[in-house]
Amino acid sequence: MPTAARPSALRSLTACLGLLLLLPTLNAQLEVAGVFADHMVVQAGKPLPVWGQAAPRARVSVRLGDTQREARAGATGRWGLELPARAAGGPFQLAVTSGDESLRVQDILVGEVWIAAGGANMAFPVRYSTHAEAVVSSAHRPRVRFASVPAMGRTAESRELQLEWAACTPSNTTEVSAVAYAFACRLQDQLGVPVGIVQATFSFSRAAAWIPRSGLLGDPALHGVLARHEAAVAEHRAALAPTLDDFEAWIAAARVAFERGDELPEVPAVPRHPLSAADPSTGIYDDPTGLFNGMIAPLAPFAVRGVIWHQGEQDIGTGAFYATLQRALVQSWRDAWHDHALPWLSVQLSPYRYGENRPTEKPEHNLLVTRLPELWESQSRLSELPATGLIVTTDLGDASDLFMPEKSTVGRRLAAWALARTYGLPDIPHAFPRCAELTRGGLVDALTGDPARAESVSSVGSLVVRFADGTELRSIDGQALRWFEVAGADGHFAHARARAEGDRVRVWHDDLAQPVSVRYGWHQEAQGGLVNAQGLPAMPFRASLP
């Protein structure tokens with residue numbers, strides 16, 4: 001054998017030996033769902049679904065700690081079973097066996113598991129957040145663990161998923177969600193149990209991308225969204241059909257070129273999906289159902305305590321329609337987990353200047369100013385659903401920065417709500433003042449707001465807003481309350497004076513004798529200045545007398 005040929009022969013022999021070593025793996029049929037991986041956290045206090053694939057009709061045994069259950073795979077090899085609920089603790093090993101095959105998942109903790117999902121502000125990593133250096137240097141949290149779902153959209157619901165779980169350390173915490181990390185740390189400190197976060201985020205995604213087809217079908221108001229999705233799928237398939245012919249021709253030409261030693265011809269381009277991201281490698285982000293199919297469907301029914309959600313930037317301008325999307329989103333995820341009381345905690349968007357503020361003849365109708373408040377209003381309707389909470393952030397950030405870096409406060413506020421409402425811990429400040437009632441406040445002195453003893457030239461009518469969760473209302477900085485406006489019967493709003501009175505705010509205008517409507521924070525740059533005794537900001541709102 002010529003000396004020059006020996007390296008090639010050795011490589012061939014090595015490859016053959018490698019294939020022989022791989023044969024048991026290639027023949028293996030036993031799998032456990034990809035959410036189950038070393039260093040994971042499983043939910044305490046709930047039955048634990050475990051599922052995967054095996055040989056058709058094969059018997060599968062699953063053991064976690066001292067608990068064992070068995071199941072039989074179906075005709076397609078899919079199997080599933082449920083382990084009984086466990087108390088927090090660990091570490092444990094999950095052992096899965098079927099015939100001669102076996103799998104092991106090591107270092108499992110039992111604690112509290114939450115899904116952290118949404119768009120860019122939930123994806124925003126620790127390394128860009130406020131005080132990032134101090135947060136990272138102190139991230140020695142072996143009982144706080146993260147797993148990140150690969151960012152990928154699909155046109156049909158997928159079961160494909162492979163997670164990698166890791167305990168938080170200074171070296172691996174920089175890229176995790178800053179909001180979710182602060183949330184997890186606060187839970188772990190308060191509850192004293194392990195905390196696991198499954199991060200499923202896709203920057204600049206629309207709410208409809210996170211809703212399954214069943215969720216869009218369930219509300220007639222969303223059928224148009226579904227029609228758009230199905231039209232896009234049909235358009236893409238029609239464009240793909242001739243591409244398959246192009247690939248077959250390319251393969252034939254490539255074989256000829258390869259045999260001749262010529263360069264291979266250029267590979268035919270694959271038509272992009274009409275709703276795909278600018279970078280095709282990242283998948284579909286604007287396609288209704290796409291992100292649910294690719295990132296959420298593979299997780300269900302993995303046991304979790306609840307969901308924290310931060311999204312909406314790409315839905316600015318949808319107004320009241322976002323409330324419809326939000327309802328379908330929450331209900332469809334609860335359907336996927338077969339839990340209609342699954343806790344869902346959302347973050348209201350922070351003030352931001354979406355485009356220039358170009359006034360019109362009626363500034364209150366300027367969509368560039370009011371479309372964010374209209375989304376805030378839709379987000380506030382989350383309270384119509386049980387077991388939900390909304391976190392207000394109008395006092396945080398900068399209207400010139402879409403990615404408000406003060407994420408630790410957001411995460412701690414989410415955790416406070418969860419600790420108080422989901423876990424029932426007492427004395428945890430968590431509720432934000434919200435408009436509960438609007439009444440006439442009678443005549444007041446136009447300059448001071450004091451009740452007028454008798455009608456005079458300076459007396460004007462006032463409105464009184466009563467706030468729920470608004471004890472000891474005050475201005476955040478001790479200055480006059482800002483961002484209150486009133487309108488008369490003509491609907492024209494003007495900046496108003498306001499004075500906090502316990503759980504109420506009295507609002508009036510120097511030149512408006514009989515106001516009938518009031519709004520607060522109704523501007524995309526409105527920084528929340530009204531807070532309760534715990535310093536939590538009031539929700540923006542608008543209200544009118546009957």
Side-chain angles (χ1 to χ4, degrees), residues 41-46 85-90 109-116 138 141 143-145 179-197 303-310 330 334 337 339-348 379-380 382-396 406-437 466-474 476 500-504 528 530-539:
V41 181
V42 296
Q43 179 60 49
K46 283 188 172 186
R86 302 185 69 94
L109 298 181
V110 182
E112 293 301 310
V113 182
W114 288 75
I115 297 174
S138 63
R141 294 271 186 172
R143 285 156 60 85
V144 173
R145 302 182 175 187
V179 168
Y181 180 71
F183 172 82
C185 289
R186 179 75 186 278
L187 288 191
Q188 206 271 320
D189 290 342
Q190 291 289 314
L191 300 175
V193 301
V195 176
I197 299 291
V304 300
R305 180 64 69 191
V307 177
I308 56 174
W309 175 262
H310 196 344
V330 175
R334 288 176 168 178
W337 265 267
D339 183 353
H340 295 291
L342 184 73
W344 185 287
L345 311 181
S346 286
V347 180
Q348 204 170 47
Q379 289 180 314
S380 71
L382 182 68
S383 62
E384 297 172 2
L385 299 174
T388 58
L390 182 64
I391 308 307
V392 181
T393 64
T394 52
D395 60 327
L396 304 175
E406 184 45 63
K407 302 300 186 190
S408 292
T409 299
V410 178
R412 288 193 295 268
R413 287 178 179 177
L414 284 164
W417 188 282
L419 290 167
R421 297 294 183 91
T422 304
Y423 298 105
L425 271 61
D427 305 322
I428 303 284
H430 66 282
F432 299 83
R434 64 189 189 283
C435 175
E437 183 184 28
R466 182 178 65 82
F467 286 81
D469 300 309
T471 56
E472 300 179 42
L473 293 169
R474 59 182 175 84
I476 195 171
E501 301 174 351
D503 66 346
R504 291 166 166 78
L530 177 67
V531 297
N532 62 12
Q534 293 79 32
L536 297 176
M539 292 185 187

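The figures that follow rest on heavy atoms only: side chains count, while hydrogens, waters and symmetry mates do not.
- With a 4.5 Å cut-off on side-chain heavy atoms, V330 and V307 do not count as touching.
- Contact record, A180 with A116: CB-CB, 3.7 Å, taken as the closest heavy-atom pair.
- Here the side chains of L419 and R186 are in contact, with some heavy-atom distance below 4.5 Å.
- With a 6.0 Å radius and a threshold of 12 heavy atoms from other residues, nucleotides or ligands, E472 has its CD atom at or below the threshold.
- With no hydrogens or angles considered, a side-chain donor-acceptor pair links Y423 and E112 at under 3.5 Å.
- When side chains are defined from C-beta on, R141 counts as touching D189, because their heavy atoms get closer than 4.5 Å.
- In this structure, R474 CZ and L530 CG are separated by 9.5 Å, a value rounded to the nearest 0.5 Å.
- Considering every non-hydrogen atom in both V193 and Q188, the closest pair reads O-CG, 3.2 Å.
- Rounded to the nearest 0.5 angstrom, T388 OG1 and L382 CG are separated by 4.0 Å.
- Using a 4.5 Å cut-off on side-chain heavy atoms (C-beta onward), L473 and R504 make no contact.
- Using cut-offs of 30° and 60° for the angle between ring planes, the W114 and F183 rings count as perpendicular.
- Closest heavy-atom contact between F467 and C435: CD2-N, 3.8 Å.
- Between D339 and R305 there is no salt bridge, since no side-chain N of the basic residue sits under 4.0 Å from a carboxylate O of the acidic one.
- The shortest heavy-atom contact between H340 and P386 is O-CG, 4.4 Å.
- No donor-acceptor pair closer than 3.5 Å links the side chain of R434 to the backbone N or O of D469.
- Of the inter-residue distances, the one linking R412 atom CZ with L187 atom CG reads 13.0 Å to the nearest 0.5 angstrom.
- At a threshold of 4.5 Å between non-hydrogen side-chain atoms, the residues L536 and R413 count as touching.
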(message) Please evaluate residues L390 and F432 with respect to the criterion side chain to side chain contact (heavy atoms under 4.5 Å, CB included), reporting the C-alpha separation (whole Å), side-chain torsions for both, the decisive distance (0.1 Å), and the verdict.
(response) CA-CA 8 Å; L390 182 64; F432 299 83; over 6 Å; no
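- Looking only at side-chain heavy atoms (C-beta outward), I197 and V41 stay at 4.5 Å or farther from each other.
- With rounding to the nearest 0.5 angstrom, the CZ atom of R421 is 12.5 Å from the CD1 atom of I428.
- Between L396 and V410, some side-chain heavy-atom pair lies under the 4.5 Å cut-off.
- Taking both residues in full, the closest heavy atoms of P194 and G89 are given as CG-O, 4.5 Å, listed atom of the first, atom of the second, then distance.
- Rounded to the nearest 0.5 angstrom, L385 CG and L342 CG are separated by 12.0 Å.
- Summarising the geometry, atom OG1 belonging to T393 is positioned 11.0 Å from atom CD belonging to E406; distances are rounded to the nearest 0.5 Å.
- Among all heavy-atom pairs drawn from G528 and D395, the shortest one is O-CB, 3.8 Å.
- Counting heavy atoms from C-beta outward, V195 and R143 have side chains that stay 4.5 Å or more apart.
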